[in-house]
Undergrad: 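Below is one structure. I have some questions about it.
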There are 2 protein chains.
Amino acid sequence: MTATNVLTAMIEKLEMRCALSEDDRRAILALPHTLASYGPKAYIVREGDLAGGICAFALSGLAFRQKLTTDGARQIVALHLPGDFLDLQHLFLRVADHSVQAVGHLEVVQLEHGALQRLIRERPMVGQALWIDSLVEASIFREWVTNVGRRNARARIAHLLCEFAVRMRVSGLTDEAGRCDLPMTQEELGDAVGLTSVHVNRTLRGLEAEGLIQRDKRRISFDDWQAISQIADFNPRYLHLDQVSRGGG
Amino acid sequence: MTATNVLTAMIEKLEMRCALSEDDRRAILALPHTLASYGPKAYIVREGDLAGGICAFALSGLAFRQKLTTDGARQIVALHLPGDFLDLQHLFLRVADHSVQAVGHLEVVQLEHGALQRLIRERPMVGQALWIDSLVEASIFREWVTNVGRRNARARIAHLLCEFAVRMRVSGLTDEAGRCDLPMTQEELGDAVGLTSVHVNRTLRGLEAEGLIQRDKRRISFDDWQAISQIADFNPRYLHLDQVSRGGG
DNA sequence: CGGAAGGTTGATTGAAGTCAAAGCCAGTGG
DNA sequence: CCACTGGCTTTGACTTCAATCAACCTTCCG
């Protein structure tokens with residue numbers, strides 16, 4: 001992967017959020033940047049940190065956002081795939097209200113806040129695309145509140161799987177048969193949906209026994225998308241995958 | 001309330017998010033706008049709606065964001081006080097992924113998307129303030145995921161009360177003794193924290209019996225802030241009340 | 001080959017949900 | 001002025017879903 005197509009990944013992502021001009025694209029490609037990688041469980045951001053002056057954009061691997069409660073419980077509040085910004089919020093928020101952690105091996109491009117801020121100032125449509133990206137993220141948070149607050153274990157887990165599968169598909173990370181890797185432990189899945197690992201295990205096995213999903217190691221496939229998305233009460237509207245057309249700049 | 005100081009409320013809000021220049025303020029005050037009001041339970045936005053071309057900024061009253069699951073359960077995903085934008089996201093997102101509903105009587109200023117977009121283009125710092133506002137909202141969503149996913153009934157309710165009290169205080173809506181009106185039914189409180197109204201009732205009475213809060217109708221006061229915020233595991237960091245200084249424009 | 005991390009299973013407990021009735025209170029209309 | 005109504009709150013009895021605790025099993029990797 002050359003330095004150039006690294007930023008191309010970012011352009012592709014932003015063009016999902018709103019249309020960019022040739023000048024916009026050129027300005028992005030001109031951005032100074034560095035590659036970095038993190039090992040499993042490495043922190044990209046820690047709750048309480050002061051903004052560090054750089055933003056990370058994921059190129060490969062998986063990461064999640066998490067918060068801890070005082071009594072030590074963890075809540076995973078978001079999953080991030082390649083093509084996601086991991087800490088855009090710190091462009092503007094001074095102190096980190098949550099941590100961002102790599103799941104397995106994670107590769108990112110790092111961009112300086114200063115350079116990004118200049119880009120946003122000079123190319124307003126790029127700023128708008130970034131803003132829209134953060135609005136979509138907020139929409140996903142709302143869905144997660146609903147998932148954790150109002151669905152039972154079966155639906156919650158099914159919902160997480162559906163969201164993951166759709167986002168992986170959109171990013172071109174599923175195989176022809178719709179299988180994808182979900183390299184999270186059952187404990188982590190539990191922390192993402194507000195359940196214990198034991199109950200996640202039983203529920204996953206239940207879904208598998210019913211012939212709704214198949215698992216092989218941590219690779220997962222969906223035998224009956226219709227059925228599982230119904231159980232999950234999954235409606236992809238909240239992912240706002242239809243954004244491109246809009247944007248009133 | 002004259003037309004001028006209506007927009008002053010909006011300036012005050014934005015100046016909590018980042019510093020504005022005299023020109024920025026002037027541009028905001030020049031914004032064409034109309035006043036509107038909604039009765040109890042009126043919808044400002046309905047899930048599935050196409051963006052309607054106007055944004056509402058709350059002047060008085062209370063509103064919440066909610067999502068419904070297929071089996072009819074409701075999750076309230078956010079509360080909004082005077083001084084909050086109610087549907088800023090539709091400036092950029094085409095279809096509403098959730099509804100916004102008035103609690104009691106609600107007064108708003110309405111601003112045309114076109115005018116707002118022009119403002120954002122011409123006064124980038126105002127755009128930044130609005131963006132930051134949506135980032136802070138996203139941070140609150142993350143906290144809510146955690147609240148609903150990892151805290152027990154007592155802590156969840158206490159947390160909601162603490163957040164509400166702090167935000168009311170910041171907006172100058174509490175009395176000298178820190179009392180404030182929380183005009184929601186116990187059913188609505190339950191829908192905000194993922195519990196049933198019956199359990200909310202028992203838990204509230206529990207908190208009251210322990211001398212942590214006092215209730216009178218739907219007015220609430222905190223007898224021992226230290227204790228209740230500890231029970232709630234409440235840390236106001238996620239509200240990002242310290243924003244003003246920052247902003248790299 | 002051994003150890004650690006993660007997955008699976010069973011038995012038991014417990015927090016919150018459900019169902020149902022009764023109490024309270026503000027507003028309305030006779 | 002009081003009875004009536006409807007919406008909310010409160011309470012009790014019972015149920016259920018998920019948590020907890022504790023093994024045991026499997027897989028992977030050094």
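It should be emphasised that the depicted structure is a prediction, and the values quoted were computed from it without experimental measurement.
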Undergrad: Could you walk me through whether A:Asp97 and A:Arg65 satisfy the salt bridge (charged side-chain N to carboxylate O under 4.0 Å, His left out) test, starting with their C-alpha distance in whole Å, then the side-chain angles of each, then the deciding distance to 0.1 Å, before giving a yes or no?
TA: CA-CA 10 Å; A:Asp97 55 78; A:Arg65 299 181 188 277; over 6 Å; no
Undergrad: Need one value for B:Arg154: base, sugar-phosphate or nothing, where a base atom within 4.0 Å counts as base even if backbone is also close, heavy atoms only.
TA: nothing
Undergrad: Send over the distance from B:Arg150 CZ to D:dA19 P, rounded to a whole Å.
TA: 7 Å
Undergrad: For the side chain to side chain contact (heavy atoms under 4.5 Å, CB included) test, which of A:Leu79, A:Thr185, A:Leu62, A:Leu182 pairs with A:Val103?
TA: A:Leu62
Undergrad: Think A:Gln186 has a side-chain N or O under 4.0 angstrom from the OP1 or OP2 of C:dT8?
TA: yes
Undergrad: Check this one for me: any side-chain N or O of A:Lys217 less than 4.0 Å away from OP1 or OP2 of D:dC28?
TA: yes
Undergrad: Taking the nucleotide of DNA chain D with the closest heavy atom to each, which residue, B:Glu187 or A:Ala153, is nearer the 5' end?
TA: B:Glu187
Undergrad: Look at all strands and tell whether A:Gly190 reaches a base, only sugar-phosphate, or nothing, counting heavy atoms closer than 4.0 Å.
TA: nothing
Undergrad: Figure out the NE2/P separation between B:His199 and D:dT16, and round it to whole Å.
TA: 18 Å
Undergrad: With a cut-off of less than 4.0 Å, is there a side-chain N or O of A:Asn201 near OP1 or OP2 of C:dG7?
TA: no
Undergrad: Touch check for A:Arg156, heavy atoms < 4.0 angstrom, all strands: base, sugar-phosphate only, or nothing?
TA: nothing
Undergrad: Report yes if a donor N or O on one partner sits less than 3.5 Å from an acceptor N or O on the other, where the partners are the side chain of A:Arg202 and the base of D:dT20; otherwise report no.
TA: yes
Undergrad: Have B:His159 and B:Asp233 got a donor and an acceptor in their side chains that come within less than 3.5 Å?
TA: no
Undergrad: Does A:Glu47 CD have over 12 foreign heavy atoms under 6.0 Å away?
TA: yes
Undergrad: Rounding to an integer number of Å, can you tell me how far A:Glu188 CD sits from C:dA5 P?
TA: 14 Å
Undergrad: Report the distance from atom CG of A:Asp216 to atom P of D:dT26, rounded to the nearest whole Å.
TA: 16 Å
Undergrad: Does OP1 or OP2 of C:dG7 have a side-chain N or O of A:Arg218 closer than 4.0 Å?
TA: yes
Undergrad: Below 30° counts as parallel, above 60° as perpendicular, anything between as tilted: where do the rings of B:His98 and B:His90 land?
TA: parallel
Undergrad: If the cut-off is 4.0 Å, is B:Arg205 near the phosphate of D:dT10, judged by side-chain N/O to OP1 or OP2?
TA: yes
Undergrad: Can you check the B:Leu189 CG to D:dC8 C1' distance for me, whole Å?
TA: 12 Å
Undergrad: Could you give the CG-to-P distance, from A:Asn152 to D:dT16, as a whole number of Å?
TA: 15 Å
